[in-house]
Amino acid sequence: MEIVRLAAKGDGASADGRHAPGALPGDIIAADGTLTRGPHHVTPPCQHFERCGGCQLQHADEETLSEFVRSRVANAAEGQGLEPRELLPVHLSPPQSRRRATLHALRKHRRALLGFREAGSHKIVDLKECPVLVPELAAMIGPLRAFIAEHGSNAPVDIALAWTDQGVDCSLTNITLEGLEATEAALDFARDQGLARLSIDQGYGTETVWEPQPISVTLSGLPVPMRAGAFLQATRDAEARMLADASEWLEGSGVVADLFSGLGTFAFGLAQGRKVLAVEADQAAHLACKSAAARGQREVHAMHRDLFRNPLDANEISKFSAVLLDPPRAGAREQIGQIAQSTTQRVVYVSCNPSSWARDAARLVEAGFTLEKLRPVGQFRWSTHVELVSLFSRG
């Protein structure tokens with residue numbers, strides 16, 4: 001059989017729907033299972049590929065990666081009977097661009113395993129390298145392994161890393177520092193590694209143990225306070241691409257509602273030349289957005305509101321000439337229903353889940369919107385996780 005496409009989980013698929021792990025379009029599978037490679041294979045850049053569950057597609061060339069991202073988004077739209085007027089080129093983030101990640105560690109016999117988990121398993125792949133992460137985060141793998149080997153227990157430790165304006169933000173969960181010596185060792189580790197912040201959850205909630213100066217992340221030129229674990233777009237380049245699209249598509253919209261606004265990823269960029277209401281349920285993110293807007297004198301009004309339990313209703317939405325929303329993976333069924341009933345004319349929908357987006361998009365189209373533009377985004381390079389930014393308009 002000939003492999004003609006990649007399936008959603010990264011397996012090669014034939015025209016009749018049979019799957020072959022590790023195969024790519026253009027490969028031929030013989031009757032005895034022998035694979036003859038086609039033209040789209042490349043040498044995986046990481047020694048851990050095929051074991052590590054962080055990446056599924058390192059063996060695919062750029063053309064295949066882009067086509068995978070494009071088809072995932074296009075097929076989700078087609079599945080709901082949607083056809084964009086313009087399907088824009090795929091944005092694919094480059095290697096060494098991921099600025100946040102969660103790793104896992106386990107101490108064994110005075111040494112530690114540290115890395116991502118194997119696909120479909122709790123086993124930890126002990127990383128020696130990671131071509132996905134920005135170099136500053138990848139450089140922390142060895143020092144963190146040594147620290148956990150010395151001070152960890154037999155319980156698995158989760159390690160959240162983020163690259164901020166001040167440097168590496170590191171948060172350890174499920175690790176216990178027993179006694180003054182262990183606490184001092186953690187402080188020495190943070191200082192020696194030049195961490196911007198070290199936070200530790202010993203079972204009673206996250207506590208910051210090291211933060212020489214308040215941490216921030218710059219959004220559209222404005223430093224925004226950032227608590228441990230706050231959400232960031234995975235790569236700066238994808239964030240910039242989606243914000244540029246949204247700004248262009250909302251040109252002429254005087255007042256915009258940014259729903260599920262987080263720290264203000266889109267709000268501060270959109271506020272250049274227009275007024276923005278930034279609505280967010282997470283209190284820490286809301287307060288960070290509010291304080292940054294005040295200091296930067298941006299036309300952003302921050303509102304604390306749970307849009308799942310209490311979505312803006314149609315009358316409230318109708319006060320805005322346009323809406324941008326970037327909901328969690330589950331989508332925004334209730335909020336979309338209110339947008340559909342409103343009189344707003346433009347909607348920019350950013351999504352990390354093509355399936356829930358397509359469901360919500362179909363509801364907008366039923367209400368008279370047209371899917372004008374759709375851009376697939378692959379900011380989780382070499383993985384099967386796909387994102388998108390889209391424009392709907394009516395009138």
Which residue pairs pass the salt bridge (Lys or Arg N to Asp or Glu O under 4.0 Å) test when at least one of the two sits in [range], sequence neighbours left out?
range	result
residues 235-251	R99-E239, R241-D245, D245-R375
residues 312-340	R305-E316
residues 38-62	R51-E118, E62-R381

When you measure from the side chain of [X] to the backbone of [Y], do you find a donor-acceptor pair of N or O atoms at a distance under 3.5 Å?
X	Y	value
D11	A7	no
D306	A281	no
S220	G269	yes
E211	R197	no
S356	N353	yes
T235	A238	yes
R394	A367	yes
E387	P376	no
T208	W210	no
R274	S253	yes

Can you name the nearest heavy-atom pair linking A186 to I200, along with the distance?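 Closest pair (atom of A186, atom of I200, distance): CB-CD1, 4.3 Å.
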Non-hydrogen atoms of T384 and F68 that approach each other most closely: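 It is CA-CE2, 3.7 Å.
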With [X], which residues qualify under ring-ring contact (aromatic ring centres under 6.0 Å, His included), at least two apart?
X	answer
H304	H286
F189	F147
F369	none
H19	none

Between [X] and [Y], is there a shared hydrophobic cluster once you connect ILVMFWY residues whose side-chain heavy atoms come closer than 4.5 Å?
X	Y	result
V300	V350	yes
L259	M303	yes
V323	L388	yes
V255	L307	yes
F260	I339	yes

Go through the side-chain N and O atoms of T343 and S318 and say whether any donor and acceptor fall under 3.5 Å apart.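 A pair is found: one side chain offers a donor N or O, the other an acceptor, under 3.5 Å apart.
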Indicate whether any N or O donor in one side chain lies under 3.5 Å from an N or O acceptor in the other, for Q213 and Q166.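 No, because no side-chain N or O of Q213 sits under 3.5 Å from a partner of the opposite role on Q166.
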Nearest 0.5 Å, please: how far is [atom2] in [Y] from [atom1] in [X]?
X	Y	atom1	atom2	value
H41	L24	NE2	CG	4.0 Å
S171	I159	OG	CD1	10.0 Å
L177	L172	CG	CG	8.0 Å
S247	F266	OG	CZ	9.0 Å
W382	Q58	CH2	CD	5.0 Å
R107	I175	CZ	CD1	9.5 Å

Output field: ring centroids H104/F116 closer than 6.0 Å: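 No, ring centres 6.0 Å or more apart.
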How would you list, by chain and number, every residue that makes a side-chain contact (heavy atoms from CB on, under 4.5 Å) with R227, sequence neighbours excluded?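 By the side-chain contact (heavy atoms from CB on, under 4.5 Å) rule, R227 matches A230, D282, A284.
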Among residues at least two apart in sequence or on other chains, which ones pass side-chain contact (heavy atoms from CB on, under 4.5 Å) with A292?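 Testing A292 for side-chain contact (heavy atoms from CB on, under 4.5 Å), a comparison that skips the adjacent residues, returns L222, V224, P225, F268, R295.
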Considering only Ile, Leu, Val, Met, Phe, Trp and Tyr, and joining two whenever side-chain heavy atoms are under 4.5 Å apart, list the other residues clustered with I29.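 Once heavy-atom contacts under 4.5 Å are chained together, I29 belongs with M1, I3, L35.
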Check this for me, if you would: do D360 and R363 make a salt bridge, where the nitrogen-to-carboxylate-oxygen distance has to be below 4.0 angstrom?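 Looking at D360 and R363, the cut-off is not met.
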Measure up the W357 and Y349 rings against each other and bin them: parallel (under 30°), tilted (30 to 60°), perpendicular (over 60°).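 Taking Y349 first and then W357, their aromatic rings stand perpendicular (interplane angle over 60°).
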Enclosure of E207 CD (heavy-atom neighbours >12, cutoff 6.0 Å):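 At most 12 heavy atoms, drawn from other residues, nucleotides or ligands, come within 6.0 Å of this atom.
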Assess whether atom CD of E366 is packed by more than 12 heavy atoms of other residues, nucleotides or ligands within 6.0 Å.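 Count over threshold, so yes.
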Return the set of residues passing salt bridge (Lys or Arg N to Asp or Glu O under 4.0 Å) with D201 (not counting sequence neighbours), or none when no residue passes.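 For D201, no residue satisfies salt bridge (Lys or Arg N to Asp or Glu O under 4.0 Å) once neighbours in sequence are set aside.
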Side chain proximity check, L277 to F320, heavy atoms < 4.5 angstrom: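 The answer is yes, as the side chains (C-beta and beyond) meet within the 4.5 Å cut-off.
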Would you mind listing every side chain to side chain donor-acceptor pair (under 3.5 Å) that reaches into residues 77-88, with sequence neighbours excluded?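 Found R85-E372, E86-K373.
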Of D169, T265, L232, which meets side chain to side chain contact (heavy atoms under 4.5 Å, CB included) against V217?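 Only one option passes, and that is L232.
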